[in-house]
Amino acid sequence: MSKQQEVDFLIIGSGIAGLTYALKVADHGTVAIITKADEDESNTKYAQGGIAAVLVPSDSFEKHIADTLIAGDGECDEKIVRIVVTEGSERVRELIEWGTDFDRKPDGNYDLAREGGHSEHRILHHKDVTGLEIETTLLEQIHAHKNITMHTHYFAVDVITQHHLGVEVKRGMEGIECYGAYVLNLQTKEIETILARTTLMATGGAGHVYKTTTNPKIATGDGVAMVYRAKGNVANMEYIQFHPTALYNPGEHPCFLISEAVRGFGGILKNEDGEEFMHLYDERKSLAPRDIVARAIDNEMKKRGEESMFLDCHDCDKDAFINHFPNIYKKCLSIGIDTATKMIPVVPACHYMCGGIHVDENGCSSIANLYAVGECASTGLHGANRLASNSLLEALVFAHRAAKHSVDNLSSRTFNSTVPNWNAEGTTQPNEMILITENLNELQNVMSNYVGIVRSNQRLKRAMDRLRIIYGETEALYGRTVLSQKLCELRNLINVAYIIVKAAMVNPENKGLHYNLDNILS
Ligand code: FAD
Ligand code: SIN
């Protein structure tokens with residue numbers, strides 16, 4: 001890539017959101033996808049359970065809509081829920097036409113699984129590696145399109161706005177515009193300028209803001225932080241989803257996920273003594289929505305002083321289990337657990353960011369020419385808690401909508417040729433990497449200890465006080481050193497942590513994933 005280039009569509013991120021959008025705009029202009037690791041590295045690649053969609057007559061849009069609204073605990077935007085559920089089936093059929101292979105039963109019908117919070121079997125899956133199947137299929141389509149260029153190991157540092165032209169940009173100001181992005185070429189270490197008529201943020205989640213997460217290491221909240229720094233709007237950031245059943249395997253980071261579909265298949269949550277406990281918390285027991293199950297496990301662990309709870313799969317048919325969950329079975333076996341005879345130790349782990357960059361029904365952010373789709377966006381679908389397997393669906397539906405809106409508006413958008421190249425004057429090579437690693441550890445400890453599944457006013461205040469110190473130190477380092485991926489990611493994680501804590505501090509209600517002890521007491 002040359003130091004400055006122009007593309008019609010700039011896409012930051014190569015998970016389901018970025019790739020689907022790329023395929024849909026590529027017939028209308030030049031497309032550059034930049035992605036900070038290998039092209040397939042993404043949360044998408046690790047999705048296990050599958051994708052929820054209404055495809056059979058025994059199910060209905062109304063049932064899926066109701067399940068989504070119940071999980072979201074009164075905080076979903078019903079209009080958006082209706083859009084995603086009703087348009088979702090068509091988008092899933094498109095994914096199948098592109099070549100995605102979802103499992104079928106011997107009679108030829110799709111083998112639909114069930115997960116927590118769903119009233120029906122409606123999860124399409126490919127064994128327990130659904131995300132890998134989707135990511136591989138999309139990448140095959142991407143490689144076949146002549147208008148799309150994939151730039152791997154390119155790290156987006158900031159979106160370009162009037163701020164970079166010397167104009168003061170303030171939060172809440174009307175008319176902020178995006179002209180593209182500054183990106184760090186991780187091979188040459190140079191910062192390049194990509195000018196774009198339309199930019200899509202598809203950078204995924206922020207699991208690494210916590211010490212324990214199911215997310216791969218790319219999930220550092222870069223998109224949310226970039227948009228927040230550019231004074232764009234973000235929403236719902238206090239709603240961080242902890243998956244109840246990550247494999248408890250001390251020292252493994254990120255955590256391996258034990259899909260919720262295992263509980264849909266008959267796995268039952270128990271304590272170390274083999275006693276069930278979920279009936280004490282919810283009549284849906286092991287299949288209650290995630291916020292309830294995660295809090296129940298957290299509570300049982302604290303009450304009993306134990307490091308994990310367990311998933312008992314003894315009663316599942318062994319061959320059928322291995323057939324549906326080959327990857328999970330193999331992983332458990334690799335650490336000495338045969339799921340047919342031993343219970344799987346599980347703990348909650350940070351899994352999904354329900355909030356993000358605030359967008360409208362076409363994926364438009366509050367900044368002109370800038371869209372956001374996928375986990376980095378807050379559409380209103382998930383409310384206070386995401387229903388299992390709704391996020392892949394949301395990414396497909398919003399990629400389609402954002403692509404249509406982008407193409408329809410392309411002719412009115414021009415390149416801004418007055419954008420200057422990145423100015424690295426006065427910075428020197430970092431010789432204190434320890435400052436970055438220590439601040440990252442501290443940040444993750446603060447967030448895990450004070451802003452986890454159960455919060456309190458005192459914990460949140462303590463977190464904010466600590467964050468201010470880490471923020472000050474990191475900004476000082478950022479100002480004087482040559483940019484590196486690690487430093488930028490730390491800075492982004494601090495930004496995201498700050499937004500989460502601030503949102504949690506001002507939310508007086510316990511809804512879904514936000515649970516503050518002082519809200520109950522006051
Ligand atoms: P991602 O797939 O995470 O892609 C983000 C992309 O952005 C990556 O390519 C990344 O490298 C790139 N990127 C990030 N920052 C930068 C930067 N600064 N510069 C350049 N590139 C950048 N959801 C379901 O619906 N069903 C499931 O079964 C399911 N299972 C899951 C299992 C696991 C273990 C995990 C972690 C998540 C699961 N989810 C599931 C959630 C779902 O996978 C994600 O929400 C979804 O895949 C997000 O897609 P995305 O395209 O928005 O982001
Ligand atoms: C899982 O398989 O449990 C993950 C599903 C999801 O996050 O939607």
Side-chain angles (χ1 to χ4, degrees), residues 10-21 33-53 113 115-118 123-126 128-132 134-135 138-139 150-159 181-184 186 200-207 213-226 241 243-247 254-264 290 293 325 328 349-354 356 372-377 382 386-396 398-399 485 488-489 492:
L10 168 63
I11 297 169
I12 306 174
S14 57
I16 186 170
L19 298 181
T20 306
Y21 175 92
I33 303 176
I34 69 152
T35 191
K36 67 180 176 178
D38 291 343
E39 62 179 4
D40 66 345
E41 192 56 6
S42 56
N43 277 6
T44 301
K45 179 180 171 182
Y46 299 95
Q48 292 187 355
I51 182 162
E115 292 179 342
H118 286 274
I123 320 292
L124 284 151
H125 64 97
H126 180 95
D128 53 359
V129 286
T130 310
L132 181 63
I134 293 174
E135 182 76 16
L138 290 174
L139 281 170
M150 173 77 75
H151 302 278
T152 58
H153 302 278
Y154 268 82
F155 182 91
V157 177
D158 266 321
V159 290
Y182 290 119
V183 302
L184 173 62
L186 295 170
L200 171 74
M201 202 57 86
T203 46
T213 177
T214 62
N215 293 188
K217 67 179 188 193
I218 52 96
T220 53
D222 299 348
V224 171
M226 280 187 264
Q241 185 169 73
H243 198 292
T245 58
L247 178 65
C255 301
F256 182 84
L257 182 73
I258 305 294
S259 174
E260 195 152 315
V262 170
R263 276 174 282 138
R290 274 182 199 171
V293 181
F325 305 109
I328 292 174
C350 176
H351 183 63
Y352 186 84
M353 179 173 73
C354 290
V373 173
E375 191 166 340
C376 70
H382 308 307
R386 176 181 65 104
L387 184 65
S389 289
N390 261 359
S391 56
L392 295 171
L393 187 72
E394 179 194 40
L396 285 182
F398 271 85
Q485 179 177 353
C488 290
E489 287 180 341
N492 291 337

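Both backbone and side-chain heavy atoms feed into the values below; hydrogens, waters and symmetry mates do not. Just so you know, ligand 1 is whichever comes first in the structure, and atom 1 is the first atom listed for that ligand.
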Please state which part of Q48 comes within less than 4.0 Å of ligand 1, counting heavy atoms only: side chain, backbone, both or neither. backbone

Option nearest atom 49 (O) of ligand 1 (shortest heavy-atom distance, choices I33, I123, T44): T44

Say whether I51 and ligand 1 are in contact under the criterion: heavy-atom distance to a ligand atom below 4.0 Å. no

Could you name the option among S389, A156, G18, A52 that has the heavy atom nearest to atom 19 (N) of ligand 1? A156

Does the salt bridge (charged side-chain N to carboxylate O under 4.0 Å, His left out) test come out yes or no for R386 and E394, once each step is laid out? CA-CA 11 Å; R386 176 181 65 104; E394 179 194 40; over 6 Å; no

Those protein residues which place at least one heavy atom below 4.0 Å from ligand 2: Q48, G49, E115, H243, L257, S259, E260, R290, H351, R386, A388, S389

Report yes or no: does a heavy atom of T130 sit under 4.0 Å from some atom of ligand 1? no

Ligand 1 contact by G131, heavy-atom criterion under 4.0 angstrom: no

Is the shortest distance from a heavy atom of H351 to ligand 1 less than 4.0 Å? yes

Start with the C-alpha distance between T214 and H351, add both sets of side-chain angles, then the distance that settles side chain to side chain donor-acceptor pair (under 3.5 Å), and finish with yes or no. CA-CA 5 Å; T214 62; H351 183 63; 2.7 Å; yes

How far is atom 22 (C) of ligand 1 from the closest protein heavy atom, and which atom is that? K36 CG, 3.8 Å

Is it the side chain (CB and beyond), the backbone, both or neither of L257 that lies under 4.0 Å from ligand 1, heavy atoms counted? side chain

Per-atom contacts of ligand 1 with Y352, taking only distances under 4.0 Å to non-hydrogen atoms: 45 (O)

Ligand 1 contact on D222 by region, counting heavy-atom pairs under 4.0 Å: side chain

State the atoms of ligand 1, each with its element, that fall below the 4.0 Å cut-off from a heavy-atom position in G49. 28 (O)

For ligand 1, which atoms, with element, lie under 4.0 Å from some heavy atom of E41? 8 (C), 9 (O), 10 (C), 11 (O)

Can you list the ligand 1 atoms lying under 4.0 Å from a non-hydrogen atom of A17? 51 (O), 52 (O)

Residue-ligand contact A202/ligand 1, heavy atom below 4.0 Å: yes

Going by heavy atoms, is R386 under 4.0 Å from ligand 1? yes

For ligand 1, which atoms have a heavy atom of L392 less than 4.0 angstrom away? 23 (N), 24 (C), 25 (O), 26 (N), 47 (O)

Closest non-hydrogen protein atom to atom 7 (O) of ligand 1, residue and atom name please, with distance? G13 CA, 3.1 Å

